[in-house]
Amino acid sequence: MPELPEVYTIATDLNSYIKDYVITDLRIARGYIALPDNDTFIKEVKNQKIEKVSRIAKNILIHLENKKIIQIHLGMTGRMLLRSPKQQADKWVRILFKLENKLGTKILKFCDMRTFGKVVLLKTTSTLKNKYGPEPVDENLNTERFLEILKSKKTTIKNALLTQELISGVGNIYATDALFIAKIHPETLTKNLSYDDAINLLKSLRKVLNEGIKNRGSTLSDKMYVDIFGREGKHQNFFRIYSKNFCPTCKSKVVYKTINGRGTYFCPSCQKKK
DNA sequence: ATGTTTGTTCCGAT
DNA sequence: CATCGGAACAAACA
């Protein structure tokens with residue numbers, strides 16, 4: 001489910017609400033495998049204090065006092081839920097963490113319906129840092145570099161935006177809306193992008209991602225994304241063209257088409273292919 | 001029943 | 001050997 005705004009919301013809230021708690025116990029659901037393996041994971045995580053929670057691309061990183069890091073990728077249907085000790089049964093719980101400090105006890109649940117997500121114990125974040133391209137929200141990313149990265153692959157702009165090794169944090173929804181705002185056809189080959197296209201697209205990406213953050217993410221009709229308190233996001237109320245039938249600008253019928261395996265909405269009138 | 005779904009990885013073709 | 005596109009992973013819903 002989660003793209004940069006959703007993961008940002010979860011990681012930021014976790015940092016505020018579970019920092020300085022100690023993971024006094026943890027349970028891994030039958031059949032679920034944390035990496036590198038469950039025994040190692042439990043041994044290294046148990047009784048560790050949480051120093052902070054951060055984020056790289058779509059990964060949540062829980063930093064422990066022993067300098068190990070829990071990497072959590074939510075895949076399509078992952079959730080992190082922070083509950084009180086005696087609260088409701090949640091669906092698809094894969095790992096349950098018991099957190100304690102002077103203030104009391106909390107339960108943190110990693111849930112994942114389709115299990116495309118993963119939980120990995122890392123020694124360092126360096127491999128992760130090197131794997132991803134810059135995020136559009138990174139102020140150090142300039143138009144020249146952005147365009148150069150996009151043109152380094154022979155593919156469509158839609159596909160390039162979803163390739164995390166090139167540009168990270170962007171997923172299908174925000175890519176779709178950013179291309180609409182920038183008036184770029186999603187099947188435009190990156191080699192055909194102009195400098196002006198790059199200016200508009202980078203600006204549009206920053207706009208939709210920052211709006212998404214401000215609105216605490218997007219929750220679709222399946223309600224799969226919720227924040228750590230189980231609350232829905234609000235950005236779905238501000239989608240430009242994703243899931244729409246008619247263009248908000250010119251009222252044309254929106255085209256829905258699978259591009260590089262992902263459902264894509266675009267306005268054939270406002271987004272001409274080059 | 002068939003076609004969808006916020007993501008990533010890996011395999012086969014070129 | 002490098003690159004790219006698409007299948008596969010799995011579960012729920014319309």
Side-chain angles (χ1 to χ4, degrees), chain A residues 1-11 29-33 35 55-60 71-80 90-94 110-120 127-128 131-133 135-136 149-180 186-191 205 208-209 211-213 215-227 231-245 254-265:
Chain A
M1 43 169 74
E3 307 181 28
L4 189 152
E6 290 76 26
V7 179
Y8 175 96
T9 302
I10 292 170
R30 195 154 54 93
Y32 194 75
I33 298 174
L35 297 176
R55 179 188 65 80
I56 293 177
K58 300 174 189 171
N59 296 281
I60 299 160
Q71 173 201 359
I72 299 166
H73 196 295
L74 299 174
M76 292 272 264
T77 58
R79 290 173 171 167
M80 297 299 289
D90 291 298
K91 301 176 91 167
W92 313 298
V93 178
R94 308 295 179 176
F110 166 70
C111 308
D112 191 2
M113 180 181 81
R114 290 166 73 180
T115 62
F116 288 178
K118 63 178 179 179
V119 178
V120 187
T127 309
L128 213 50
K131 172 183 167 127
Y132 293 104
E135 301 182 344
I149 289 170
L150 294 175
K151 290 195 176 195
S152 71
K153 296 288 176 189
K154 200 173 295 181
T155 187
T156 63
I157 182 57
K158 176 75 190 304
N159 193 41
L161 289 178
L162 296 186
T163 302
Q164 303 297 299
E165 289 73 16
L166 297 182
I167 301 292
S168 67
V170 183
N172 197 39
I173 292 176
Y174 295 93
T176 297
D177 264 8
L179 286 166
F180 171 74
E187 287 178 304
T188 305
L189 296 176
T190 58
K191 66 171 181 186
L205 285 165
V208 296
L209 292 172
E211 279 181 14
I213 288 170
N215 292 316
R216 297 184 59 80
S218 305
T219 300
L220 303 186
S221 55
D222 65 7
K223 310 292 185 198
M224 283 312 302
Y225 167 73
V226 290
D227 68 15
R231 302 177 307 205
E232 294 176 19
K234 295 185 176 67
H235 189 68
Q236 65 279 8
N237 299 320
F238 303 95
F239 287 162
R240 305 307 198 290
I241 198 161
Y242 184 87
S243 81
K244 303 294 184 189
N245 292 317
V254 167
V255 174
Y256 175 77
K257 182 181 182 186
T258 300
I259 297 173
N260 297 104
R262 308 302 302 277
T264 307
Y265 301 82

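Protein chains get the first letters and strands the later ones, always in sequence-line order, with residue 1 at the start of each. Values below: every heavy atom of this structure, side chains too, minus hydrogens, waters and symmetry copies.
The distance from atom CD1 of A/Ile72 to atom C1' of B/dT8 is 17 Å, rounded to the nearest whole Å. Atom OH of A/Tyr225 and atom C1' of B/dG7 are 16 Å apart (whole Å). As a whole-Å value, the separation of A/Leu220 CG from B/dG7 P is 10 Å. As rounded to whole Å, 16 Å separates atom P of B/dT5 from atom CD of A/Glu6. One atom, CD1 of A/Ile173, and another, P of B/dT4, lie 17 Å apart when rounded to the nearest Å. Put simply, CG on A/Leu35 is 12 Å from P on B/dT9, counting in whole angstrom units. Atom OH in A/Tyr132 sits about 10 Å away from atom C1' in B/dG7, given to the nearest Å.
No more than 12 heavy-atom neighbours from other residues, nucleotides or ligands sit within 6.0 angstrom of NZ on A/Lys234. Around the OH atom of A/Tyr8, the shell of radius 6.0 Å holds no more than 12 heavy atoms that belong to other residues, nucleotides or ligands. More than 12 heavy-atom neighbours from other residues, nucleotides or ligands sit within 6.0 angstrom of CG on A/Leu35.
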Identify each atom pair where a protein N or O and an N or O of nucleotides 11-14 of chain B are less than 3.5 Å apart, giving names and distance.
none

Are there any protein N/O atoms within less than 3.5 Å of an N/O atom in nucleotides 2-5 of chain C, and if so, which ones and at what distance?
from, atom 1, to, atom 2, distance (Å)
C/dC4, OP1, A/Lys154, N, 2.6
C/dG5, OP2, A/Thr155, OG1, 3.0
C/dG5, OP2, A/Asn159, ND2, 3.4

Taking N or O atoms only and anything under 3.5 Å, show me the protein contacts with nucleotides 1-3 of chain B, one pair per line.
none

For this session: Show your reasoning for whether side chain to side chain contact (heavy atoms under 4.5 Å, CB included) applies to A/Tyr265 and A/Lys244.
Result: CA-CA 8 Å; A/Tyr265 301 82; A/Lys244 303 294 184 189; 5.9 Å; no
Exercise. Between A/Asp112 and A/Tyr32, does a side-chain hydrogen bond (donor to acceptor under 3.5 Å, both in side chains) hold up when you go through it step by step?
Worked result: CA-CA 10 Å; A/Asp112 191 2; A/Tyr32 194 75; 5.0 Å; no
For this session: Show your working on side chain to side chain contact (heavy atoms under 4.5 Å, CB included) between A/Leu179 and A/Leu161 and close with a plain yes or no.
Result: CA-CA 10 Å; A/Leu179 286 166; A/Leu161 289 178; 4.1 Å; yes
For this session: Begin from the C-alpha positions of A/Lys153 and A/Glu165 and carry the test salt bridge (charged side-chain N to carboxylate O under 4.0 Å, His left out) through to its verdict.
Result: CA-CA 11 Å; A/Lys153 296 288 176 189; A/Glu165 289 73 16; over 6 Å; no
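Ring geometry, A/His235 versus A/Tyr174: the interplanar angle falls under 30°, so the pair is classed parallel (tilted spans 30 to 60°).
Residues that satisfy the ring-ring contact (aromatic ring centres under 6.0 Å, His included) test with A/Phe180, not counting sequence neighbours, are absent from this structure.
In plain terms, the two heavy atoms of A/Leu74 and A/Arg79 that are nearest each other are CD2-N, 3.8 Å. Summarising the geometry of A/Gln71 relative to A/Leu128, their closest heavy-atom pair is NE2-CD1, 3.6 Å, with the distance given to 0.1 Å.
For A/Tyr256, taking side-chain heavy atoms from C-beta onward, the closest of the listed nucleotides B/dT9, B/dG7, B/dT4 is B/dT4. Of the candidates B/dT5, B/dG7, B/dT9, the closest approach to any side-chain atom of A/Pro2 belongs to B/dG7.
Side-chain contact between A/Asn260 and A/Leu162 is absent, with no heavy-atom pair separated by less than 4.5 Å. Side-chain contact between A/Lys58 and A/His73 is present, with heavy atoms from C-beta onward closer than 4.5 Å. Residues A/Ile241 and A/Asp177 form a side-chain contact, since some pair of their non-hydrogen atoms from C-beta on lies under 4.5 Å apart. A/Glu232 places none of its side-chain heavy atoms less than 4.5 Å from the side chain of A/Tyr225.
The residue A/Gly263 sits close only to the backbone: its heavy atoms come under 4.0 Å of sugar-phosphate atoms, none of a base. Among the protein residues, A/Gly171 comes within range of the sugar-phosphate backbone only, with heavy atoms under 4.0 Å from sugar or phosphate atoms but none that close to a base. When heavy atoms are screened at a 4.0 angstrom cut-off, A/Phe239 is found touching no nucleic acid atom at all.
A sub-4.0 Å separation between OP1 or OP2 of B/dT8 and a side-chain N or O of A/His73 is present. For the pair A/Gln164 and B/dT8, the criterion of a side-chain N or O lying under 4.0 Å from OP1 or OP2 is met. Side-chain N/O atoms of A/Lys118 include none lying less than 4.0 angstrom from OP1 or OP2 on B/dT8. Regarding contacts with the backbone of B/dT9, a side-chain N or O of A/Lys131 is found under 4.0 angstrom from either OP1 or OP2.
A gap of 23 Å separates the C1' atoms of B/dT8 and C/dC13, to the nearest Å. C/dA10 and B/dC11 have their P atoms separated by 15 Å, with the value rounded to a whole Å. With both ends at atom P, the span from C/dA12 to B/dT9 equals 24 Å, rounded to whole Å.
The side-chain contact (heavy atoms from CB on, under 4.5 Å) with A/Tyr242 is formed by just one residue from the set A/Val208, A/Thr264, A/Leu220; it is A/Leu220.
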Exercise. Under a cut-off of 3.5 Å for both distances of each Watson-Crick or G-U pair, what dot-bracket string does DNA chain C give, using [ ] for crossing pairs and | for inter-strand pairs?
Worked result: .||||||||.||||
Exercise. Reading nucleotides 7-14 of chain C from the 5' end, what letters show protein touch, with B for base, S for backbone sugar-phosphate only, - for no heavy atom under 4.0 Å?
Worked result: --BBBS--
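Using a cut-off of 4.0 Å between Lys/Arg side-chain N and Asp/Glu carboxylate O, A/Arg240 and A/Glu211 are scored as salt-bridged.
Judged by distance alone, with hydrogens and angles left aside, the side-chain atoms of A/Gln236 form a donor-acceptor pair with the main-chain N or O of A/Thr219 at under 3.5 Å.
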